[in-house]
Amino acid sequence: MLRGGSGTLTSQLKRKDDRVILHFDYDCFYAAVFEAENPALKSLPLAVQQKQIVVTCNYEARRRGLRKLQLITEAKRVCPDAVIVLGEDLTKFRDASKALYNFLRAFAWSDRAERLGFDEVWLDVTDLIDYNVQMLNQNDLTNSFFQLSSTDPTLGFLFDASTYAGSVFPFKTATDSDAELASDEMLSTRLRLGSHLAFHIRLQMEEQYGYTATVGISTTKLVSKLVGNVNKPKNQTTLVPPYDGIDANTSNILAFLDPHDIGRIPGIGFKLAQKIREYVLSRPAQFDAGLVYGGTKEHITVGQCRQLPGLDVALLDKILAGTGTPHGIGAKVLGLLHGIDATEVSQARNVPKQISIEDSYLRLDTIKELLTQLHSLSERLITRMRIDLTESLDPPTPAQGVEQVQGLSDDKWKWLAHPPTLRLTTRPRLPLNADGTRQRSFKRISRSTATPSFIFSQTDTTEMLAERLVKESLLPLFRKLHPEKSGWNLSLLNVAVTGMADEGKGGAGRDIGAMFKTAPVREEDLLGPTSSGDSATDEEEQIVATVQDDAEVDTWEDQDDESTEIDDRCPLCGASIPVFARLAHERFHSADNAQGGTTMYVKE
DNA sequence: ACGAAATAG
DNA sequence: CGTTCTATTTCGT
């Protein structure tokens with residue numbers, strides 16, 4: 001690294017706002033799942049119980065004083081007529097989450113659709129947005145049509161492209177609007193379209209599935225996630241430009257982020273936050289000793305950190321240093337403090353990378369009980385594998401209402417992935433000290449081995465397979481972890497299969513036809529190496545693109561100077577089209593797009 | 001590849 | 001019992 005020019009703060013930070021990213025957060029998801037199966041619950045105060053606490057509750061319940069993470073006894077005292085349902089079996093939540101994810105995924109032409117937990121999803125809708133920006137008629141923005149498909153022009157919705165749908169940050173006045181457009185008109189247009197797309201998706205999600213969501217709209221994963229929180233539930237917030245000012249007065253990104261506690265920034269977890277606080281305070285940061293989790297802390301804001309004297313990559317690297325801290329952490333965190341986050345929304349996957357089942361115990365110190373627990377965990381693991389890693393091979397049963405666990409019927413099915421690794425994790429309870437006290441520890445230890453192929457049997461019962469798995473694989477792993485004949489005492493067991501790859505991808509299982517159907521043509525795709533768009537880990541599959549005879553393809557900038565008041569001009573060919581013929585004309589171009597071109601296979 | 005740790009919901 | 005359980009990513013070896 002050179003000193004001088006290349007070491008300055010501004011040279012270390014470079015905004016790149018060429019994406020449109022939506023972040024969905026389903027409103028009180030667990031409660032919503034119960035409401036979806038029993039809509040009568042919607043008007044009642046509803047709380048979902050796990051162990052002795054309310055894990056979530058609907059907004060009627062919150063209105064009556066119930067809170068997340070409240071003790072059940074407290075909840076009953078505050079609101080005696082609350083409906084309290086047990087939510088310890090996660091199956092239905094997982095199923096609903098998967099269904100909603102697949103619904104949302106269909107809107108991302110890039111198939112960049114990333115789930116976080118059960119109730120959050122990011123969509124990178126850049127290509128869909130850019131396609132629609134090209135389609136805009138600048139002379140009649142208020143009567144725009146959003147194309148959800150590049151091949152079926154009837155698929156979409158009417159919208160007003162001159163305004164944002166839903167809420168915006170910051171609250172806007174008419175004069176702000178001019179400043180915004182002057183700052184970056186293209187970015188504003190794209191975000192407006194993003195806001196209308198988000199609005200449409202929210203409506204469809206409620207109509208088709210009965211779920212409401214809170215959405216954030218911006219250009220990065222970081223900001224889209226955070227800005228959604230500004231208006232909730234059942235709402236959305238777009239962070240409007242300007243994005244690239246140098247301080248909170250000129251950049252809405254900085255104005256938005258500055259009041260946030262650093263610990264609220266995704267990517268700055270407990271450890272990093274404590275280190276930053278310690279530096280800012282010039283002493284160790286304390287956290288509330290009373291409660292361990294959600295632990296209270298000293299309030300250090302992004303704005304405070306951002307304005308630290310001498311703050312740059314090198315300083316942050318020094319502040320955050322330690323064994324195991326990620327390389328480049330200084331640059332990463334400096335970016336986050338400025339609302340810069342180049343992280344890509346990851347490609348949708350057909351299977352998870354890992355499945356693990358665990359349980360915790362007060363005391364687990366006998367072989368007999370160990371075998372019982374390992375067996376139980378193994379059965380649950382194999383059941384989950386048969387749900388999440390298999391696919392039915394019977395094509396002529398399209399809409400079968402209820403999914404069934406593979407292995408219990410005569411249906412033909414196949415494995416979608418064969419996890420190569422089996423792992424056993426334990427959490428030992430530390431031995432008693434001399435004074436009779438015992439220090440708590442949450443340290444885990446693990447050993448892994450090759451997954452035995454018998455667990456992929458399609459004929460044996462989970463019971464038989466679990467029996468064999470314990471005897472042949474898990475017990476040997478356990479002996480590696482705990483060689484002593486006795487004396488161990490565990491507070492946790494975890495059994496996992498890991499390393500799953502999307503085996504269907506790029507090969508037989510992948511529906512190339514579907515990609516062809518929805519992928520728009522973009523000239524950038526055909527020219528350079530699109531700066532890779534990264535995804536370094538995934539081997540790239542074949543990309544199908546269409547090449548148009550470009551003879552008379554114009555871009556919308558070229559034409560449309562003056563247009564008549566009565567007719568619209570086609571944004572593609574400039575022809576004057578009466579309103580009633582508009583859809584048909586758009587269909588003409590789409591057909592041209594899909595069929596008139598040459599199919600080209602690009603191998604990376 | 002393996003095992004630990006950090007992060008997140 | 002006390003945050004539990006689950007998943008992803010990254011580091012060091």
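Numbered from 1 within each chain, the chains take letters A, B, ... in sequence-line order. Because the structure is predicted, anything quoted here is derived from the model rather than measured.
Judged by the 6.0 Å and 45° rule, A:Arg427 forms no cation-pi pair with A:Phe442.
With contacts defined as side-chain heavy-atom distances shorter than 4.5 Å, the pair A:His418/A:Thr451 does not qualify. Put simply, the side chain of A:Arg283 reaches to within 4.5 Å of the side chain of A:Glu298, judged on heavy atoms. Side-chain contact check for A:Ile21 versus A:Val125: every heavy-atom pair is 4.5 Å or farther apart. Side-chain contact check for A:Phe24 versus A:Thr214: every heavy-atom pair is 4.5 Å or farther apart.
With B:dT7, C:dT8, B:dC2 as the candidates, the nucleotide lying closest to the side chain of A:Ser448 is B:dC2. Side-chain proximity of A:Phe442 to the nucleotides C:dT4, B:dC2, C:dT6 is greatest for C:dT4. Minimum atom distance to the side chain of A:Ser360 is reached by C:dG2, of the listed B:dA5, C:dG2, C:dT8. Side-chain proximity of A:Ser446 to the nucleotides B:dG9, B:dG3, C:dT4 is greatest for B:dG3. Each of B:dG9, B:dG3, C:dC1 was ranked by its minimum atom distance to the side chain of A:Leu362; first place goes to C:dC1. Side-chain proximity of A:Glu120 to B:dT7, B:dG9, C:dT4: nearest is B:dG9. Here the nucleotide nearest the side chain of A:Pro326, chosen from C:dT10, B:dT7, C:dG12, is C:dT10. Comparing B:dA8, C:dT8, B:dG3 against the side chain of A:Pro352 picks out C:dT8 as the nearest.
Among the protein residues, A:Arg423 comes within range of no part of the nucleic acid, since none of its heavy atoms lies under 4.0 Å from any strand. If you check every strand for non-hydrogen atoms under 4.0 Å, A:Gly117 touches nothing. Here A:Pro266 lies in heavy-atom contact (under 4.0 Å) with sugar-phosphate atoms only. Residue contacts shown for A:Ile329 are absent, as no nucleic acid heavy atom lies under 4.0 Å away. Residue contacts for A:Gly267: at a heavy-atom cut-off of 4.0 Å it reaches the sugar-phosphate backbone alone, with no base atom in range.
For the side chain to side chain contact (heavy atoms under 4.5 Å, CB included) test, residues two or more places apart in sequence or in another chain that qualify with A:Ala31 are A:Cys28, A:Leu46, A:Val48, A:Thr56, A:Asn58. Judged as a side chain to side chain contact (heavy atoms under 4.5 Å, CB included), and not counting sequence neighbours, the contacts of A:Leu308 are A:Tyr279, A:Val280, A:Leu311. Taking A:Leu116 as the reference, A:Glu120, A:Trp122, A:Lys225 meet the side chain to side chain contact (heavy atoms under 4.5 Å, CB included) condition, with sequence neighbours excluded.
Contact annotation: A:Ser491 does not reach the phosphate of C:dC1 (side-chain N/O to OP1 or OP2, under 4.0 Å). When the side-chain nitrogen and oxygen atoms of A:Thr421 are compared with OP1 and OP2 of B:dC2, one or more of them lie within a distance under 4.0 Å. Contact annotation: A:Ser346 side-chain N/O to C:dT8 OP1/OP2 distance is not under 4.0 Å. The shortest distance between the side-chain N/O atoms of A:Ser356 and the OP1/OP2 oxygens of C:dA7 is below 4.0 Å. Contact annotation: A:Arg384 reaches the phosphate of C:dA7 (side-chain N/O to OP1 or OP2, under 4.0 Å). When the side-chain nitrogen and oxygen atoms of A:Lys353 are compared with OP1 and OP2 of C:dA7, none of them lie within a distance under 4.0 Å.
Comparing A:Thr323 and A:Arg380 against DNA chain C, the residue whose closest nucleotide sits nearer the 5' end is A:Arg380. Between A:Glu114 and A:Ile53, the one whose closest nucleotide on DNA chain C sits nearer the 5' end is A:Ile53.
Taking atom CG of A:Asn494 as the reference point, atom P of B:dG3 lies 14 Å away to the nearest angstrom. The distance between atom CD of A:Glu358 and atom C1' of C:dA7, rounded to the nearest whole Å, is 11 Å. At whole-Å resolution of the value, CG in A:Leu116 and C1' in B:dA8 are 6 Å apart. A straight line from CD of A:Glu369 to C1' of C:dC1 spans 15 Å, rounded to a whole angstrom. Between A:Leu492 atom CG and B:dA4 atom P there is a gap of 13 Å when expressed in whole angstrom units. Rounding to whole angstrom units, CG of residue A:Leu272 and P of B:dA6 are separated by 9 Å. When the C1' atom of C:dT4 is taken as reference, atom CG of A:Leu71 falls 15 Å away, rounded to whole Å. Here the P atom of nucleotide B:dA6 and the NZ atom of A:Lys275 are 8 Å apart, to the nearest Å.
Applying the side chain to side chain contact (heavy atoms under 4.5 Å, CB included) test between A:Tyr361 and each of A:Asn489, A:Leu370, A:Leu490, A:Leu493 identifies A:Leu493 as the sole match. Partner of A:Pro419 under the side chain to side chain contact (heavy atoms under 4.5 Å, CB included) criterion, chosen from A:Ile455, A:Thr498, A:Leu389: A:Leu389.
Of the residues in residues 86-100 of chain A, none lies under 4.0 Å from DNA chain C by heavy-atom distance. Taken residue by residue, residues 216-237 of chain A places no heavy atom nearer than 4.0 Å to DNA chain C. A heavy atom lying under 4.0 Å from DNA chain C marks none of the residues of residues 330-339 of chain A.
The two atoms that bring A:Asn235 and A:Ser167 nearest to each other are OD1-OG, 3.3 Å, heavy atoms only.
Under the 3.5 Å distance criterion, with hydrogens and angles disregarded, no donor-acceptor pair is assigned to the side chains of A:Gln70 and A:Arg67.
Although no hydrogens or angles enter the test, the distance criterion places a donor-acceptor pair under 3.5 Å between the side chain of A:Asp341 and the main chain of A:Leu222.
Taking the six-membered ring wherever Trp is involved, the centroid distance between the rings of A:Phe169 and A:Phe256 falls below 6.0 Å.
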